[in-house]
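Written out below as structure tokens is the structure these notes cover.
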Amino acid sequence: MTIRTRFAPSPTGYLHIGGVRTALFSWLYARKHGGQFILRIEDTDLERSTEEAVTAILAGMKWLGLNHDEGPFYQTQRFDHYHAVIAQLVAESKAYYCYCSKERLENLRQEQLARKEKPRYDGHCRHLSVPPTTTAAPVVRFKNPEVGEVVVKDLIKGTVIFNNRELDDLIIARSDGSPTYNFTVVVDDWEMQITHVIRGDDHLNNTPRQINILRALGATVPQYAHVAMILGSDGQKLSKRHGAVSVLNYQEEGYLPEALLNYLVRLGWSHHDQEIFSRQEMIELFELEAVNSAPAAFNPEKLLWLNQHYIKTGEPARLAEHLRFQCELLGIETQAGPPLAEVVTAQAERAKTLREMAQNSRYFFTEKVQYEEKAVQKHLTTEIKKPLSDLANRLEQLTEWQPTSIQAVVHAIADQYQLKLGKIAQPLRVAMTGTAVSPPIEVTVYLIGQQRSVARIRQVIT
RNA sequence: GCUCCCUUCGUCUAGUGGCCUAGGACAUCGCCCUCUCACGGCGGCGACAGGGGUUCGAGUCCCCUAGGGAGCGCCA
């Protein structure tokens with residue numbers, strides 16, 4: 001049997017961290033078993049679904065490299081399938097028309113709540129032999145079994161047993177004829193031959209209803225795996241404050257897709273003590289049985305650590321493209337500066353995001369350096385102007401512009417004036433960058449270039 | 001209210017009855033390295049929610065309590 005998993009987001013909001021993790025788990029499971037990963041857009045809520053959300057979901061999946069083999073399917077384009085199945089169910093008396101008014105339902109609900117009962121439909125129209133004389137359009141309800149239990153063998157939660165007495169006859173078609181969620185999911189998972197339904201555990205309670213419908217349809221029941229939700233860093237429900245923002249925001253903020261994926265795969269899943277997983281390793285090692293059934297809190301610091309890990313270990317040429325993207329966002333012209341890959345190498349161990357790297361690399365690309373008042377006051381003293389002047393001259397005469405030769409010159413000046421290295425390196429750094437922080441001085445000078453370096457020193461000492 | 005799920009350091013987790021005086025990672029603190037910031041190295045602080053069982057032995061199995069969360073929609 002070929003493994004088939006799916007990711008079925010509803011485009012009523014953006015693709016956030018929680019959704020991405022579920023998608024990742026589904027994708028990994030399919031890839032690991034050489035199966036198929038299907039993307040399905042659950043857009044039946046016409047009121048709240050938006051085109052932008054669909055675009056953002058697709059873009060997010062693409063950015064992360066979570067490629068699908070089939071789809072994207074749109075539920076709004078599958079209404080004829082749902083209608084056909086509803087008609088079949090009604091014809092077989094496995095579903096029925098319900099004419100109850102919303103008022104009646106609301107009263108019923110209030111009464112049940114008052115009696116401290118779980119609010120459920122009472123089956124009023126289930127045994128109606130003749131339709132009532134009413135002008136209101138009916139809904140269609142599924143005839144849920146009234147006795148017995150449904151056993152869900154969840155791959156993450158374990159065996160969960162639901163008593164059919166706790167369930168009621170849910171609406172599968174609204175009065176306007178449109179199908180409802182619990183029904184479309186079932187029809188789609190069935191028709192798309194999904195073998196493993198991996199989704200958020202907020203759906204665990206829906207599972208027995210869906211299994212009952214599947215059984216009524218004579219369909220094979222898929223395996224289920226309910227993943228716990230992601231909490232905010234404060235242990236509360238994830239909100240916009242923590243990361244319930246579009247996954248594309250992470251791209252804009254300078255995160256690498258491999259870092260986000262690595263972070264998310266370890267949130268709720270583990271393989272012994274291993275923290276770093278390449279895409280290939282994730283695929284090979286991932287298993288649903290090792291997924292934690294408890295919710296996990298989102299920890300931005302660890303994501304940052306992983307991001308820097310991938311910045312430090314990634315291919316500079318590839319990271320350079322990410323840096324270029326960030327520079328563009330920040331309006332930094334990179335044309336006239338040093339090769340971006342070399343900037344990446346120089347800055348990798350002092351940037352946690354590519355955005356941060358771009359921000360801290362402005363001085364490599366601009367003619368007009370912004371000088372920090374504090375740094376200038378502290379390091380560009382009058383006593384240092386003579387050594388800096390000599391240094392500029394020596395640098396100007398260098399025939400070989402390399403970090404090693406630059407370093408030799410800096411050391412020579414330090415020796416000549418009997419200065420500790422820091423006493424000349426820091427003033428030089430401020431002259432070059434406007435700040436007291438940068439990569440090793442010889443690398444900084446090297447990357448800024450001979451002409452610019454000499455010019456910057458002379459500018460600050462005149 | 002009812003049903004279901006969850007509970008190991010601040011956080012992510014290892015742990016599948018003896019290897020646990022509970023291991024790793026992030027964060028944090030200290031030291032070292034050092035031209036700055038970092039990176040790196042070394043070390044410190046720090047947890048089995050509580051209570052009952054079962055067992056020779058429980059973080060690990062069972063029950064209860066407490067605390068979190070989800071569902072109970074003509075939303076998905």
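Side chains are part of it too, since the values below use all heavy atoms of this structure and drop only hydrogens, waters and symmetry mates. Each chain gets a letter, A, B and so on, in the order the sequences are listed, and its residues count up from 1.
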- Task: Check side-chain hydrogen bond (donor to acceptor under 3.5 Å, both in side chains) between A/Tyr363 and all other residues, then give those that pass, not counting sequence neighbours.
- Result: none
- Roughly how far, to the nearest 0.5 Å, is the CG atom of A/Leu167 from the CZ atom of A/Arg165? 11.5 Å
- Query: Which part of the nucleic acid, if any, lies within reach of A/Lys118 when heavy atoms closer than 4.0 Å are counted: base, sugar-phosphate only, or nothing?
  - Reply: base
- Record whether the side chain of A/Arg350 comes under 3.5 Å of the base of B/C39 through a donor-acceptor pair of N or O atoms. no
- What is the pairing partner of B/A47, taking Watson-Crick or G-U wobble pairs with both distances under 3.5 Å in any strand? none
- Against the side chain of A/Ser270, the closest entry in B/A76, B/C39, B/A14 is B/A14
- Donor + acceptor pair across side chains of A/Thr207, A/His226 (<3.5 Å): yes
- Query: What does A/Glu117 touch in the nucleic acid at a heavy-atom separation under 4.0 angstrom: a base, only the sugar-phosphate, or nothing?
  - Reply: base
- Message: Could you tell me how far B/C6 sits from B/C48 if I compare only their C1' atoms? Round to whole Å.
- Response: 16 Å
- Base, sugar-phosphate, or nothing: which does A/Pro295 touch, judged by heavy atoms less than 4.0 Å apart? sugar-phosphate
- Item | Nearest-Å distance once atom P is located in both B/C72 and B/U54 | 42 Å
- Note on the structure: Using Watson-Crick geometry (N1-N3 plus N6-O4 or O6-N4) or G-U wobble (N1-O2, O6-N3), each under 3.5 Å, B/C42 is paired with B/G30
- Query: So what does A/Pro439 hit on the nucleic acid, given a heavy-atom distance under 4.0 Å: a base, only sugar-phosphate, or nothing?
  - Reply: base
- Task: Could you check whether A/Ser175 gets within reach of a base, just the sugar-phosphate, or nothing at all, counting any heavy atom under 4.0 Å?
- Result: base
- Query: Using the P atom in both, what is the distance from B/C4 to B/U65, to the nearest Å?
  - Reply: 13 Å
- Determine the interatomic distance between P on B/A58 and the same-named atom on B/G18; round to the nearest Å. 12 Å
- Report the distance from atom CG of A/Leu447 to atom P of B/U36, rounded to the nearest whole Å. 19 Å
- Measure from the side-chain heavy atoms of A/Lys302 and tell me the nearest of B/G24, B/C37, B/C35. B/G24
- Message: Tell me whether A/Arg141 forms a cation-pi arrangement with A/Tyr121, defined as NZ or CZ under 6.0 Å from the six-membered ring centre and within 45 degrees of its axis.
- Response: yes
- Could you tell me whether A/Val160 contacts a base, only the sugar-phosphate backbone, or nothing, with contacts defined as non-hydrogen atoms closer than 4.0 Å? sugar-phosphate
- Message: So A/Lys423, base contact, sugar-phosphate only, or nothing? Heavy-atom distance under 4.0 Å.
- Response: nothing
- Item | Positive for side-chain contact (heavy atoms from CB on, under 4.5 Å) with A/Leu256, one of A/Leu261, A/Asn262, A/Asn307 | A/Asn307
- Message: Let's test this: given Watson-Crick or G-U wobble pairing with both distances under 3.5 Å, identify the partner of B/C72.
- Response: B/G1
- Message: Classify A/Ser178 by what it touches in the nucleic acid, base, sugar-phosphate, or nothing, heavy-atom distance under 4.0 Å.
- Response: nothing
- Query: Do A/Asn164 and A/Glu149 have side-chain atoms, one donor and one acceptor, less than 3.5 Å apart?
  - Reply: no
- Message: What I want to check is whether an N or O donor and acceptor connect the side chain of A/Asp45 with the base of B/A76 at under 3.5 Å.
- Response: no
- Side chain of A/Met229 - closest among B/U36, B/G23, B/A70: B/A70
- Task: Would you mind telling me which of B/G73, B/C35, B/A25 lies closest to the side-chain atoms of A/Arg109?
- Result: B/G73
- Item | Of A/Arg209, A/Lys143, A/Arg126, the residue whose pairing with A/Asp169 passes side chain to side chain donor-acceptor pair (under 3.5 Å) | A/Arg126
- Mind checking who B/C35 pairs with, Watson-Crick or G-U wobble, both distances under 3.5 Å? none
- Start at the 5' end of RNA chain B and walk down; is the nucleotide closest to A/Ala8 or to A/Trp305 reached first? A/Trp305
- Plane angle bin for A/His196 and A/Tyr29 - parallel if under 30°, tilted between 30 and 60°, otherwise perpendicular: tilted
- Message: So A/Asn206, base contact, sugar-phosphate only, or nothing? Heavy-atom distance under 4.0 Å.
- Response: base
- Query: Donor-acceptor pair under 3.5 Å: do we get one between A/Glu275's side chain and the base of B/G24?
  - Reply: yes
- Note on the structure: In numerical order, the residues of residues 74-85 of chain A whose heavy atoms come under 4.0 Å of RNA chain B are none
- Pick the C1' atom in B/C42 and in B/C5, then give their distance to the nearest Å. 43 Å
- Distance, P atom - from B/U11 to B/G68, rounded to whole angstrom: 15 Å
Result block: side-chain N/O donor-acceptor pairs under 3.5 angstrom for residues 412-425 of chain A, not counting sequence neighbours:
| residue | atom | partner | partner atom | Å |
| --- | --- | --- | --- | --- |
| A/Gln416 | NE2 | A/Asp390 | OD2 | 3.4 |
| A/Tyr417 | OH | A/Lys386 | NZ | 3.4 |
| A/Tyr417 | OH | A/Asp390 | OD2 | 2.4 |

- Please evaluate the base of B/G23 for a donor-acceptor partner in the side chain of A/Asp273 within a cut-off of under 3.5 Å? yes
- Winner on side-chain proximity to A/Ala294, out of B/G40, B/C6, B/C37, is B/C6
- Item | Nucleotide nearest A/Ser293 (side chain, heavy atoms from C-beta), chosen from B/C6, B/C35, B/G24 | B/C6
- Query: How is A/His226 classified with respect to the nucleic acid when contacts are heavy atoms under 4.0 Å: base, sugar-phosphate, or nothing?
  - Reply: nothing
- Task: Find the partner of B/A66: check Watson-Crick (N1-N3 plus N6-O4 or O6-N4) and G-U wobble (N1-O2, O6-N3) distances, both under 3.5 Å, and reply none if neither fits.
- Result: B/U7
- Query: Thinking salt bridges, do A/Arg266 and A/Glu275 make one under a 4.0 Å N-O criterion?
  - Reply: yes
- Task: Name the nucleic acid region contacted by A/Gln347, choosing base, sugar-phosphate or nothing; use a 4.0 angstrom heavy-atom cut-off, strictly under.
- Result: nothing
- Note on the structure: With the side chain defined as heavy atoms from C-beta on, A/Lys116 is closest, among B/U13, B/G1, B/C2, to B/G1
- Task: Please figure out whether A/Leu204 or A/Ala297 has its closest RNA chain B nucleotide nearer the 5' end.
- Result: A/Leu204
- Expressed as a whole number of Å, how far does the P atom of B/C45 sit from that of B/G23? 11 Å
- Classify the nucleic acid contact of A/Gly268 as base, sugar-phosphate or nothing, counting any heavy atom under 4.0 Å across all strands shown. sugar-phosphate
- Message: For A/Tyr250 and A/Tyr255, take the angle between the two ring planes, folded into 0 to 90°, and tell me which bin it lands in: parallel under 30, tilted 30 to 60, perpendicular over 60.
- Response: perpendicular
- Rounded distance in Å between the P positions of B/U55 and B/A25: 40 Å
